[in-house]
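Have a look at the structure below before the remarks.
Heavy atoms only: backbone and side chains are in, while hydrogens, waters and symmetry mates are out. In what follows, chains are A, B, ... by sequence order, proteins preceding strands, each numbered from 1.
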Number of protein chains: 2
Amino acid sequence: MTTDLGDDPLALDRQVCFALAVAARSVIGLYRPLLEPMGLTHPQYLVMLALWEGEPRSVKDLSSTLQLESATLSPLLKRLEAADYITRRRSIDDERLLVVELTDAGRALRAEAEKIPYAVVERLALPVSDLEDLHTSLSRVIRAAATPATTAAAPATTEAAPA
Amino acid sequence: MTTDLGDDPLALDRQVCFALAVAARSVIGLYRPLLEPMGLTHPQYLVMLALWEGEPRSVKDLSSTLQLESATLSPLLKRLEAADYITRRRSIDDERLLVVELTDAGRALRAEAEKIPYAVVERLALPVSDLEDLHTSLSRVIRAAATPATTAAAPATTEAAPA
DNA sequence: CATTAATAGTTAGCACACTAATTAATCGCG
DNA sequence: CGCGATTAATTAGTGTGCTAACTATTAATG
């Protein structure tokens, strides 16, 4: 029927969701002092990473790449525009699309940003293999969470099995 | 000197921080429909987990247990009080402390909540060993991030080594 | 070709999560 | 005892991140 999760399934220190929340906040917190001099928050930094990989990009594109709702990106992009790192304009081909491009200042920022990954890895002082393992585990969970729920009542424990 | 992070250190799909952010949002998103009938958000659920493990607890105590600022907990606890799941009163011994306790409704909610971990694990449809691996990796990173920064300029790559 | 569907963004409203500033209570030490 | 330093919460302000409702544009269909 159901997986055995031990005597106390509600034990806080066993919840993956809790560890995920704390780890995400902790690690993102390490970026704060590094990003602050560039005037970026962590989500804004992620948008810049996406743009440095390819320009121009629509909000829809950024939304699916970063797994963020366009409702979240809308005000965020306006702040990046106010900081003069990006420009926002409607596409000529399809006026539903908002085209986001880097400004010269936004492009120039990349050189500064390249130091950040090294600074974070050094700060964590963990073997890079540990970080790679974590990345692998995280990718698995992301994929699992994105997989549509099986409405079935039947299958079960850890592996789906046809009837 | 510095660790080799490959040809593009800024590649989005290699950033652990990005994977962490997406995974946290994705997994917490799975809880939303499960918690919504109980009138809880995910952070509120974590507070309830902490209280089900031991009562009463001060805000300070919850803050260090959940790794959340008391400024975040303050309004959250007021909402839990408004939902009649907890009570808030000042300690008699030390009036600086706010003592948080469960109401009968809050205690009763535990029975409902016990189904949640099973529902999430089943929904993810991942081997429990994968989740345990992830939890181990996350704990490592949390500990590493919590370790005070070595102001040193010397050490380096992945392992601290005395001179 | 007109009407309806679908798609892309924006806005509003709620709930975190952080920093900084404030308030209130307690502690430490001469 | 008294009084400055600490400690515990709260408040204010900014920035995500979500859902739901809305606007504008484009595509699809009879």
Counterpart base for D:dT7, defined by Watson-Crick or G-U wobble contacts under 3.5 Å:
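With both distances under 3.5 Å, D:dT7 matches C:dA24.
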Tell me which nucleotide, if any, is Watson-Crick or G-U wobble paired with D:dT26 when both distances must be under 3.5 Å.
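D:dT26 is paired with nothing.
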Enumerate, atom names and distances included, each donor-acceptor pair closer than 3.5 Å involving a side-chain atom of residues 69-79 of chain A, sequence neighbours excluded.
none

Sequence neighbours left out, what passes salt bridge (Lys or Arg N to Asp or Glu O under 4.0 Å) with [X]? Give chain and number order.
X	result
B:Asp104	B:Arg107
B:Glu114	B:Arg110
B:Glu112	B:Lys115

Opening and closing nucleotides of DNA chain C in contact with chain A, under 4.0 Å to non-hydrogen atoms
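Reading along DNA chain C, I get C:dT7 to C:dC18.
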Where each residue is assigned the nucleotide of DNA chain D containing its nearest heavy atom, which of A:Asp94 and A:Leu76 is assigned the position nearer the 5′ end?
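It is A:Leu76, whose closest nucleotide lies nearer the 5' terminus.
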Please write out each protein N/O paired with an N/O of nucleotides 9-12 of chain D under 3.5 Å, distance rounded to 0.1 Å.
residue, atom, partner, partner atom, Å
D:dA9, OP1, B:Val59, N, 3.2
D:dA9, OP1, B:Leu98, N, 3.1
D:dA9, OP2, B:Lys60, N, 2.6
D:dA9, O3', B:Arg90, NH2, 3.4
D:dT10, OP1, B:Arg88, NH2, 2.7
D:dT10, OP2, B:Ser74, OG, 2.3
D:dT10, O5', B:Ser74, OG, 3.1
D:dT11, OP2, B:Lys78, NZ, 2.5

Which residues satisfy the side chain to side chain contact (heavy atoms under 4.5 Å, CB included) test with A:Arg25, sequence neighbours excluded?
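A:Arg25 satisfies side chain to side chain contact (heavy atoms under 4.5 Å, CB included) with A:Ala21, A:Val22, B:Gln67, B:Leu68 once adjacent residues are dropped.
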Looking at residues at least two apart in the chain, or sitting in another chain, which of them share a ring pair (Phe, Tyr, Trp, His ring centres under 6.0 Å) with A:Phe18?
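Checked A:Phe18 against ring pair (Phe, Tyr, Trp, His ring centres under 6.0 Å); zero matches.
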Taking all non-hydrogen atoms of both residues, which atom of A:Glu53 and which atom of B:Leu10 are closest, and how far apart?
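Reported closest heavy-atom pair: OE2-O, 4.0 Å.
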Going by the ring-ring contact (aromatic ring centres under 6.0 Å, His included) test, which pairs reach into residues 119-142 of chain B, not counting sequence neighbours?
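Every candidate ring-ring contact (aromatic ring centres under 6.0 Å, His included) pair involving residues 119-142 of chain B fails, so no pair, neighbours aside, qualifies.
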Give the residues of residues 19-27 of chain B touching DNA chain D, defined as any heavy atom closer than 4.0 Å, sorted by residue number.
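DNA chain D contact set from residues 19-27 of chain B: B:Arg25.
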Salt bridge (Lys or Arg N to Asp or Glu O under 4.0 Å) partners of residues 133-147 of chain B, not counting sequence neighbours, each pair once:
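Sorted result for residues 133-147 of chain B: A:Asp130-B:Arg140.
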Would you give me the side-chain donor-acceptor pairs under 3.5 Å for residues 33-47 of chain B, sequence neighbours excluded?
residue, atom, partner, partner atom, Å
B:Thr41, OG1, B:Gln44, N, 3.3
B:Gln44, OE1, B:Thr41, N, 3.2

Phosphate oxygens OP1/OP2 of D:dT16: is one of them under 4.0 Å from a side-chain N or O of A:Gln44?
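Checking D:dT16 against A:Gln44, a side-chain N or O does come within under 4.0 Å of OP1 or OP2.
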